[in-house]
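Below, chains carry the letters A, B, ... as their sequence lines are ordered, and counting in each starts from 1. Hydrogens, waters and symmetry mates play no part in the numbers below; they use all other heavy atoms, side chains included.
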Amino acid sequence: MSDDNLRDPNAGPPTAAAKVALGDRISAAGDTRRRWSQKFQELPTPVRWTFGLLGLSFLYYLPVLNPPVITTTGTDFASLLAGSVIIFVIVALGLNVVVGMAGMLDLGYVGFYAVGAYTLAILTSKHAHWPWAIAVVAAMGVAMLSGVLLGAPTLRLRGDYLAIVTLGFGEIIRLLAERFDWLGAKPGISNIPPPPNIGPIHFGVLDSKSFYWLGLTIAIIIYFFLRRLEKSRIGRAWTAIREDEDAAELMGVPTFKFKLAAFGIGAAVGGLAGTLYATKTAFISPDNFQLKLSILFLAAVVLGGPGNMPGVVLGAVVVSYLPERFRFLDTSRYFWFGVALVVMMIFRPQGLWPRRIHGSRGQPDEDIPAFEDVKEGDPDLEGGAHGTALA
Amino acid sequence: MQKSTVRRFGALAVGLALVAAACGSDSKTSTATTAPSGATTTAAGAGVKCSGIKLAFIGALSGDNGNLGKNMVNGAKLAIDQFNAKNPDCQVGFDTSFDSQGDPAQATPLADKIVNDKSIIGLIGPGFSGETKATMPKFEAANLPMITPGATNAKLSTNGWKMFHRILANDDKQAPGVVTLIQNTVKGTKVGVIDDASEYGKGLADAVRSGLGASAVATAQIDPKAADFSAAVQAMKSANVDTIFYGGYYAEAAKLVKQIRDAGLKATFVSGDGSLDKGFVDNAGASAEGAYLTATGAPADVNADFQAAFNKAYGTDPALYSPEAYDCASVFLAGIAAGKVTRADLATFVSAYDAPGITKQIKFDATGEPVGNAVYYTVVSGGKLVAKGLIK
Amino acid sequence: MSFHTLISQFWPSTINGIVLGSIYALIALGYTLVYGVLRLINFAHSEVFMLSAFGSFLALRVLNVPEHLPGGADPYKTGGELIFTMVVMLLFSLAIGGASAVALERIAYRPLRKRNSPRLVFLISAIGASFAMSEAVGEWGPKQREDYALPRVFQKKVLFTIRGNDIRNDQVLVVVGSLLMMLALVLFVNRSRVGRGIRAVAQDMDTARLMGVNVDMIILITFLVGGLMAGGAAFFFEIYNGSARYSLGFQLGVKAFTAAVLGGIGNIKGALLGGLLLGVIENWGASLFGSNQNMGTVTAFVVLVLVLMVRPNGLLGESMGRSRA
C-alpha cells in the first residue's frame with residue numbers, strides 16, 4: 001500500500017509464492033501488455049499519433065465493418081454497440097471516478113443514470129420540447145445536483161454505510177418515478193425524440209450507427225476530460241483519499257470537498273449516459289432502472305480494474321458485449337456476473353487490468369494490486385485489514 | 001532500437017489493416033438484408049410462391065404472465081402452419097424468439113431487433129398494452145404493420161400510428177361491460193377498485209372507476225412485484241366493500257384474491273382479461289372461487305373448426321387470445337397470398353382489410369380499431385374457468 | 001398524502017406492521033450477527049432467506065401435499081396432522097437456511113478472510129454471491145421467474161377481535177413464534193459458552209484468538225445461527241403470505257437490513273426493535289400515501305437515510321461486543 005516506494009524495484013511482485021493459475025495467466029498477459037505499452041511510449045510522437053488515429057478510425061468504422069468474429073448474430077451489432085456497449089463505457093468511466101479514483105463504494109449509480117434519462121425525457125417529451133443538446137446539458141446538471149444533494153449529508157458515513165445509503169438512493173429514485181404521474185409512473189415516458197440530424201447523419205429508428213458515433217464521440221471527450229482530471233490536483237487528492245483517508249485529512253487535504261466533487265462529477269457523467277440511453281431507446285420506464293443495473297455497472301468497474309480508465313472500459317465491454325455475443329449467456333448473465341464477482345474477489349480483486357501507480361523518479365511503472373495480496377505471516381502484514389475504501 | 005520498434009509496430013498495423021480490408025469487403029452477414037422476393041399468385045387456389053419472408057410475435061412468453069403470450073403464439077402458429085401446409089411453395093416463417101415477458105423495458109431492445117430484420121414483414125403483437133406503447137414508435141418509423149391480439153388500452157389508437165391495428169375491442173368497451181356486469185349480475189353496490197399501475201391495469205381500472213361513479217367507494221394501487229398487498233386489502237376492508245374490481249394480470253390477481261380472502265373479506269372478486277387464465281385459478285386455489293373475469297377476447301368455442309384444429313395441434317382447448325391471434329395471422333397470410341410481401345404493401349393491405357375472421361368481421365377503422373365490441377365473461381366455479389357468454 | 005386514510009387505518013396498519021416486522025426482525029438478526037462478528041454486510045443473507053422459503057415448498061412436496069384438492073378446495077389440515085406438517089416445513093426451512101449460510105461462508109467469505117481482504121472486497125463478493133444465488137433459482141428453478149404458490153395447509157381464522165380489529169391465528173403464530181426464536185437467540189448469545197465466544201470475537205477477534213477461542217468455528221456457528229433465524233423467518237413468512245419467487249430475498253432483505261441498521265447493526269435487541277419499527281413505519285407510509293405499497297418502501301428507505309445521518313450507529317448503537325447485546 002503506502003510503502004511501495006520503499007520497496008526494492010528489482011525485487012519483483014511481493015507475493016510470488018502464492019499466485020493462483022488464473023491470476024498467473026492474467027498477470028503474464030499484463031506483463032506482455034506492459035512491455036508493449038512501454039515500447040509504445042518510447043516511439044516518436046508523430047508515430048504514436050498515427051497509431052492513435054488508426055485505432056480511433058477502427059472504432060468508428062466498427063459497425064460498418066461488422067468483423068466476423070466480433071459481430072453478433074442474434075442481435076443487430078450496431079444497435080448493441082449504440083444502445084448498450086458505448087453507454088456502459090460512459091457509465092463505467094463515470095462510476096470509476098467515484099469507486100476507482102476516490103475509493104467510495106456506490107451501489108446506487110443507476111439513480112444518477114435514471115435522473116439523467118428522466119430529465120431528458122421530461123424536457124423533450126413529457127412536459128416540454130427543448131432542443132436536444134440543451135436538454136442533455138440540463139440533464140447532466142440535474143444529475144450533478146442530485147449527486148451533490150445525495151453526497152452532502154452522507155459522505156461523512158463509513159464505507160459500508162455509504163454503500164447502503166447509495167443503494168437506498170437508487171431505489172428511491174426508481175420508486176418515485178413509479179409513483180408520480182408527472183414522471184410517467186409505471187407506464188413510463190415514450191416518444192423521446194432523437195437528436196437533430198447533423199448533416200448527412202440521421203438519427204432515425206433504423207440508424208443505430210449514428211447513435212453509436214454520437215456516443216463514441218462523447219465517450220472519447222469524457223475519457224480525455226477525466227484523464228486530465230486524474231492527473232490534476234483533484235485526481236491526486238482522490239488518490240490520497242482512496243489510499244488512506246485519515247492520513248489525507250491529516251495532511252490537509254479537504255477530503256469532504258473532494259469526495260463531494262467526485263460524487264458530483266460521477267453523477268454528471270452517469271446522467272449523460274442516461275440521456276444517451278433515453279434518446280436511443282426513445283422510451284424509458286422505472287423498470288429500466290433497477291438495482292440489478294447498478295450491480296452490473298459496479299461489476300464493469302470492479303471486474304475491469306477500478307481506478308484504471310482503460311481497465312474499466314474493458315470491464316464495460318465485457319459486461320455489455322459478452323452476454324450478447326454468446327447468446328446462451330443471455331438470460332443467465334446476472335448469474336455469471338455474480339459468480340465472476342465472487343471469483344474475482346478471491347483471486348484477482350484488483351481487476352482484469354489493474355491501475356498502475358506511477359513510480360517515483362522515473363522508475364518503470366509496475367502493477368500494484370489495488371487490494372494487497374497479503375497472507376498471514378507475511379512480513380509486510382500490518383495488523384490485518386483496516387484500510388479505508390478499496391485499498 | 002527505435003527503428004526496429006517502429007518496424008514492429010508498422011508490421012502489426014499493416015497486418016491489421018489487411019485483415020480489416022479483407023473483412024470489410026465481405027457482405028454483411030449479421031443483419032438479414034436479403035430482400036424478400038416477390039410472391040406470385042397463379043390461378044386462384046393453385047398455391048402461392050414466395051420466399052424469405054417471416055411473421056414475428058413479441059410478447060410475454062415467460063415470466064409471471066407468460067401463459068397469455070403463449071396462447072397468442074399457439075393461435076397464430078396454427079394459422080401459419082395451416083397456410084404453409086396448403087402452400088408448399090410459400091413457406092412463411094414465424095419468429096417467436098422475442099420474449100419480452102410483457103415488460104415494456106424488455107420489449108424495447110427486442111423491437112430494435114425486429115425492425116432491423118428485413119425478412120419480418122408483419123408483426124403479431126405486442127401482447128400487452130405497456131409494451132405496445134413503448135415500441136410502437138419504432139414500428140411506425142420502420143413501416144412495419146402490426147396487429148395486436150391482446151393490448152386493450154384505449155389510448156393506444158389515439159397516437160396517429162398508421163401501423164397500429166387491434167383485433168379485439170379495447171378497454172373503453174370492456175369497462176362499460178364490467179360496470180354492467182357488476183350492476184346487473186353481481187349486483188354490487190359498494191365497489192373497491194384496485195390497479196397494478198400498469199398501462200393496461202390502471203387504464204382499465206380508471207375507466208371502471210368513472211363508469212361506477214358513486215358506487216366506487218374505495219381505491220388502491222399495488223406493486224405487482226411485491227408479495228404483500230396488505231395496504232390495499234386494508235383499504236378495501238375498512239370501506240366494507242361487497243365487490244372488488246382488479247385491473248391487472250393473473251399472477252398478481254391470484255395473490256391479491258388470496259390475501260383478500262385471508263382478511264376475511266367476502267367481497268366478490270371481478271377482474272378483466274389480464275386475469276382470465278388458468279394461472280389465476282391454479283395459484284389462488286379456493287380463494288378464486290366465485291370470481292368473475294371479463295374479456296373482449298372470444299371464448300374457446302367461438303368457432304368449432306378452429307377449436308377442433310387447435311385441440312388436434314396442441315391437445316388442449318384454445319385459451320384467451322388464441323382465436324384473436326389466429327385472426328391476426330390470417331389477415332397477414334391473406335395479404336401474402338395476394339402477393340403483398342413488402343412491409344409497405346402489407347400495411348396498406350391490412351388497413352383496407354374487410355373479411356370475416358373466426359372471432360368477428362375483421363375491419364379496421366382509420367385509427368386501427370376493430371369494428372364490433374362484444375364483451376364476454378367467465379366465472380370460476382368448482383376450480384375451473386366456466387365461460388358464460390356475453391355480458392347483458 | 002392522505003392523513004385520513006392513515007388515521008382510519010391506523011390499527012390494521014399497525015397490526016400488519018407488527019406481523020411483517022417480526023419477520024423482518026428475524027432476518028435482521030442474521031445480518032446483525034454476521035456484522036457484529038465480521039464487520040461484514042452479508043448481502044447474500046437475503047438469498048439464504050429466499051432459499052429457506054423454498055424449503056417449505058420442498059417439505060410439502062415431500063409430504064405429497066397437493067396444490068389443491070380436486071374441485072379446487074385448499075388442502076387444509078387439522079389437529080395432529082397440521083402440527084406434524086408445520087413442524088416438517090419448519091425443519092426443512094431451518095435446515096436449508098443453516099446449510100446455505102454455512103456454504104456461503106465457506107465458499108465466498110472464508111477465502112477472503114484468509115487473504116485478509118479489505119472490507120469492501122467482502123461486500124462486493126457478497127453482492128456477487130447474492131446475485132448468483134437468486135439468478136440461479138430464477139434461471140433454473142422449476143417455475144423460473146414466476147410466482148410459486150404454497151399449498152395452503154393452514155386455515156386462517158380470526159382468533160379474537162380487539163376494538164373492531166380482527167386478529168388472525170396466523171398473525172399470532174408469526175409474532176409469538178418470532179419472539180420465541182429471538183428469545184432463544186438472546187439466551188444463546190448471553191448465557192451459553194458458544195455465545196460467549198461469539199461476543200468475544202465480536203469485541204476483538206485477535207484477542208479472542210489469543211485467548212484460545214476457535215475463531216473459525218465461532219464464525220461458522222455465527223453464520224449457522226443467522227441462517228437458522230432466516231429459516232425460521234421464511235417458515236413464518238410462508239405461513240403468513242404463502243408465495244415465493246426468486247426475487248423474494250431482495251424484496252424483504254433490503255428492508256430487513258434497513259431494520260438492522262435502524263436498530264443498530266451488531267446489536268441483537270436493535271434488530272428486534274428495528275424490525276418491528278420498520279414494519280410499522282412501512283405500513284403507515286403506505287397508508288399515508290394512498291394505500292400504495294411502493295410508497296411504504298420509499299418511506300422505509302428515507303427513514304434509513306435519515307437515521308444513518310442523524311444517528312449513524314442506529315437507535316440502540318452498535319454493541320454486540322459489549323455485554324449490552
Checklist entry - Do you know which of Asp223(B), Asp196(B), Asn159(B), Asp112(B) has the most heavy-atom pairs with chain A at a distance under 4.5 angstrom? => result Asp112(B)
Next on the checklist: Quick check on Ser285(A) against chain B: is it the side chain, the backbone, both or neither that has a heavy atom closer than 4.5 Å?
Outcome noted: side chain
Checklist entry - Under a 4.5 Å heavy-atom cutoff, which of Ile284(A), Ile189(A), Asp287(A) has the most pairs with chain B? => result Asp287(A)
Checklist entry - For Gln101(B), does its backbone N or O pair with a side-chain atom of Ser62(B) as donor and acceptor, under 3.5 Å? => result no
Checklist entry - If you tally heavy-atom pairs under 4.5 Å against chain B, which of Lys280(A), Arg179(A), Lys186(A), Glu178(A) wins? => result Lys186(A)
Checklist entry - Side chain, backbone, both or neither: which part of Thr108(B) has a heavy atom under 4.5 Å from chain A? => result side chain
Item to check | Lys292(A) charged N/C atom sitting above Tyr334(A) aromatic ring, 6.0 Å / 45° | outcome: yes
Checklist outcome for this item: With chain A, the option among Ala142(B), Pro104(B), Gly203(B), Gly130(B) that has the most non-hydrogen atom pairs under 4.5 Å is Pro104(B)
Checklist entry - Tyr200(B) vs Tyr249(B) aromatic rings, parallel, tilted or perpendicular, using cut-offs 30° and 60°? => result tilted
Checklist entry - Parallel, tilted or perpendicular: which fits the ring planes of Phe289(A) and Tyr277(A), with parallel below 30° and perpendicular above 60°? => result perpendicular
Checklist entry - About how many Å separate CD1 of Ile124(B) and NE2 of His165(B), when rounded to the nearest 0.5 Å? => result 13.5 Å
